2 protein chains.
Amino acid sequence: MAEILSAAGVKSGSLYYFFKSKEALLLAVLDRYVELLQPAVIEPAFARTRDPIGRIFAVLDGYRRMLLETGFKQGCPIGNLALEMSDKSEAVREKIALNFDNWTGAVRQCLLDADDALAADVDRDRLATFVLTVMEGAVMVARIRRSIAPYEQAIAILRTYFERIASTTCTLDK
Amino acid sequence: MAEILSAAGVKSGSLYYFFKSKEALLLAVLDRYVELLQPAVIEPAFARTRDPIGRIFAVLDGYRRMLLETGFKQGCPIGNLALEMSDKSEAVREKIALNFDNWTGAVRQCLLDADDALAADVDRDRLATFVLTVMEGAVMVARIRRSIAPYEQAIAILRTYFERIASTTCTLDK
DNA sequence: GTCTATAGGCCGATAGAC
DNA sequence: GTCTATCGGCCTATAGAC
């Protein structure tokens with residue numbers, strides 16, 4: 001809180017005029033992250049390519065850049081909070097879940113846009129959640145190892161998985 | 001700290017006789033987790049099957065059980081600390097990295113034991129790290145969604161990936 | 001080795017002036 | 001709306017008796 005007040009250049013009296021508690025501030029931040037996903041994460045990534053599957057990997061590349069630009073200090077801000085705060089407050093857990101749903105919703109839309117390129121027996125919701133799972137896990141391992149390799153290699157494996165299910169025949173065999 | 005002292009039934013004076021600081025206690029806990037991986041996580045899982053790849057999934061099933069038994073309060077204790085503590089102390093980050101290396105080392109050994117069943121062009125170290133990545137990400141998403149589905153579905157997708165690289169031909173196509 | 005007692009600081013939050 | 005000033009509590013850590 002001291003860091004936030006200092007960065008904002010205000011005193012605690014001002015902060016508690018707008019937010020009734022520390023948790024209320026956190027909930028507002030999590031609402032803001034929901035609003036910011038599209039303009040700050042999805043749209044910049046989508047601007048790089050029009051291919052639906054390519055857009056998913058463009059989003060994933062954004063987290064790779066974030067890791068590199070911050071020297072592995074910052075990965076996914078939601079993931080940071082997820083394991084730390086989720087069992088301290090049920091309201092916080094629900095807002096984090098909303099952020100995850102927002103994220104997987106955007107990935108799911110890409111999968112639907114690429115519908116005829118994907119095998120019919122692949123559940124789109126489950127696959128979108130798996131993309132989130134791999135991203136969050138890869139960010140964690142990369143940050144702890146202070147190396148981008150675990151992230152890049154996880155995304156590379158995810159890509160081979162996509163190449164596999166994007167083909168209904170066995171054309172990708174090596 | 002208050003919870004730890006209460007659970008241990010001692011006063012803080014006793015604790016600081018053995019550990020010079022809060023961080024020193026955390027480092028000792030992380031050392032203990034390194035020691036405990038084999039007897040508490042790996043060996044119980046390995047006792048269920050002798051198949052090397054099956055053993056990897058038996059380990060992963062242990063985390064599934066933990067999530068269910070604790071009502072999603074406890075997943076991987078190392079992952080809990082990873083995002084929260086890694087940039088507060090370099091020594092802590094290194095000990096967490098050691099725990100991750102210990103874990104992927106056990107998985108890597110399984111992959112080496114299954115060597116001739118796996119495609120030759122798959123890097124064993126990278127694959128072991130990917131298994132860790134999927135587990136940690138899946139634990140996070142399952143805890144936030146308070147549902148075992150994201151975990152089970154991530155492991156299921158990982159299994160199809162293993163089925164794919166365990167076959168040099170295209171026999172697993174559906 | 002464990003206790004009691006407490007130092008000294010930071011924390012979240014509030015009151016009231018302006 | 002923002003400030004100054006401050007409260008009471010909790011925290012990590014220490015001192016010293018036993």
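The sequence lines fix the lettering, A, B, ..., with proteins before strands; numbering per chain opens at 1. It should be emphasised that the depicted structure is a prediction, and the values quoted were computed from it without experimental measurement.
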Student check: side-chain heavy atoms of B/N99 and A/I144 closer than 4.5 Å: no

Spacing between B/F18 atom CZ and D/dA13 atom C1', to the nearest angstrom: 16 Å

How is A/S12 classified with respect to the nucleic acid when contacts are heavy atoms under 4.0 Å: base, sugar-phosphate, or nothing? base

Output the rounded distance in Å from NZ (A/K11) to P (C/dA17). 20 Å

For D/dT12 and B/K22 - does any side-chain N or O of the residue sit under 4.0 Å from the phosphate oxygens OP1/OP2? yes

I need the CG-P distance between B/L5 and D/dA13, as an integer number of Å. 12 Å

Consider only side-chain N and O atoms of B/E84 and B/N80, and report whether a donor and an acceptor are under 3.5 Å apart. no

Given D/dA13, D/dC3, C/dC3, identify the nucleotide with an atom nearest to the side chain of B/Y16. D/dA13

Tell me which nucleotide among D/dT2, D/dT12, D/dC3 gets nearest to the side chain of B/M1. D/dT12

Nearest-Å distance, NZ (B/K20) to P (C/dG1)? 20 Å

Interatomic distance where CG belongs to A/L15 and P belongs to D/dT4 [whole Å]: 15 Å

According to a strict under-4.0 Å criterion, is B/S14 in side-chain N/O contact with OP1 or OP2 of C/dC3? yes

Whole angstrom value for the distance that separates P of C/dG12 from CD1 of A/I4: 9 Å

Which of A/R159, A/R64, A/R145, A/R65 passes salt bridge (Lys or Arg N to Asp or Glu O under 4.0 Å) with A/E152? Answer is A/R64

Euclidean distance, B/L132 CG relative to B/T104 OG1, rounded to 0.5 Å: 6.5 Å

With the side chain of A/Y17 defined as its heavy atoms from C-beta on, choose the nearest nucleotide among D/dT2, C/dG12, D/dT12. D/dT2

